[in-house]
Amino acid sequence: MFDIARVSDYGPQLWPLQREAPVYRSTRLRRLLLTAHIIVTVGALGTDAALLALGVSGMRHADPQTVYPAAYLLGRWLVGPLAVGSVLSGLALAAAGPWRPLRHGWVTVKLALAVVLAAAALALLVPRLGHAAAAAAVGPSPLDMPRGDRVVAVAAPAAALLFLGINVVLGVFKPSRRRPGQTATSEVAYAANRQR
């Protein structure tokens, strides 16, 4: 009698030349992580839109004692934590699902954009908004505000909205271009894992 498990000394082989599907985390966990990632990232998107509105009103000579302290509070208490939360939730989602950052180019681009946005928010935007809020407390005239701070208060949220928009497009359409020498195993494995 022929025993399929003894076909090879290295263990059972799947026929014809198939690999076993990797086991991913439960569907509930992935859905929970996806929900958290979407909530955090949409929160960052909305906060950047609010910062852009405040920055534009500051450029249009609105009251700096109102605009820049409000922008600083948004930046300090929302943009920074939400940007870091977006990166961390995206990494957790990638670890629990079929799309790996180094395997799929679009995931690598999304991760790189999210890391750049988080670093720019923490290292550039929030300190410049703090400087603008301090300058607004000293001089009530919009012309007393440093032009560099006013420009950063508009350019940084506008760039963040652009990058977050690119991330949304990549996440929705998931371009299927793979790196050279790769096969379509993760999508097939993901579908096989869902049927178990």
Side-chain angles (χ1 to χ4, degrees), residues 22-56 68-133 148-149 151-179 182 185-187 189-190 193-194:
V23 179
Y24 299 114
R25 305 286 185 252
S26 72
T27 303
R28 285 185 185 165
L29 176 65
R30 278 186 277 115
R31 286 184 182 164
L32 179 68
L33 287 171
L34 180 62
T35 303
H37 182 65
I38 290 172
I39 288 171
V40 168
T41 305
V42 168
L45 189 74
T47 306
D48 283 327
L51 279 177
L52 181 62
L54 287 170
V56 167
Y68 293 109
Y72 175 65
L73 288 175
L74 278 176
R76 181 174 179 200
W77 293 106
L78 288 177
V79 170
L82 287 174
V84 171
S86 179
V87 171
L88 294 178
S89 64
L91 285 172
L93 189 60
W99 296 287
R100 302 284 187 251
L102 298 178
R103 183 171 222 181
H104 299 279
W106 65 272
V107 180
T108 306
V109 171
K110 281 186 70 160
L111 178 62
L113 287 175
V115 167
V116 165
L117 284 175
L122 295 174
L124 176 70
L125 181 63
V126 174
R128 292 299 284 262
L129 288 175
H131 186 264
D149 290 341
V151 169
V152 167
V154 173
L161 286 173
L162 174 69
F163 289 159
L164 286 171
I166 291 170
N167 271 355
V168 167
V169 169
L170 288 173
V172 170
F173 291 104
K174 297 176 181 54
S176 63
R177 187 173 176 199
R178 288 181 198 85
R179 299 200 174 164
Q182 278 189 310
T185 57
S186 67
E187 289 88 0
Y190 178 72
N193 192 35
R194 287 194 62 153

Derivation of the side-chain contact (heavy atoms from CB on, under 4.5 Å) call for L51 and D48: CA-CA 5 Å; L51 279 177; D48 283 327; 4.3 Å; yes
Taking all heavy atoms of A118 and all of V87, pick out the closest pair and write down the distance. CB-CG2, 4.1 Å
Looking only at non-hydrogen atoms, find the nearest pair between L129 and G75 and report the distance. CD1-CA, 4.4 Å
For the pair R76 (side chain) and V126 (backbone), establish whether a donor and an acceptor sit closer than 3.5 Å, ignoring hydrogens and angles. no
Nearest 0.5 Å please: distance from the CG atom of L117 over to the CG atom of L122. 10.5 Å
What are the two closest heavy atoms between T41 and S86, and how far apart are they? OG1-OG, 3.1 Å
Roughly how far, to the nearest 0.5 Å, is CG of L170 from CG of L113? 7.5 Å
Would you mind listing every side-chain hydrogen bond (donor to acceptor under 3.5 Å, both in side chains) that reaches into residues 151-172, with sequence neighbours excluded? none
For Y72 and A133, work out which heavy atoms get closest and say how close. CB-CB, 4.0 Å
Point-to-point distance, once rounded to the nearest 0.5 Å, from CG of L93 to NE2 of H37: 6.5 Å
To the nearest 0.5 Å, what is the distance between CD1 on I39 and OG1 on T35? 6.0 Å
Compare every heavy atom of V56 with every heavy atom of V154, then report the nearest pair and how far apart it is. CG2-N, 3.7 Å
As an exercise, state the distance from CD1 of I38 to CG of L33, rounded to the nearest 0.5 Å. 11.0 Å
Any chance you could lay out the side-chain contact (heavy atoms from CB on, under 4.5 Å) test for T27 and R30, step after step, and finish with the verdict? CA-CA 5 Å; T27 303; R30 278 186 277 115; 3.4 Å; yes
For the NZ atom of K110 and the NZ atom of K174, what is their distance to the nearest 0.5 Å? 7.0 Å
Taking all heavy atoms of L82 and all of A44, pick out the closest pair and write down the distance. CD1-N, 3.6 Å
Please assess Y68 against L54 for the test side-chain contact (heavy atoms from CB on, under 4.5 Å), listing each intermediate value before the final yes or no. CA-CA 8 Å; Y68 293 109; L54 287 170; over 6 Å; no
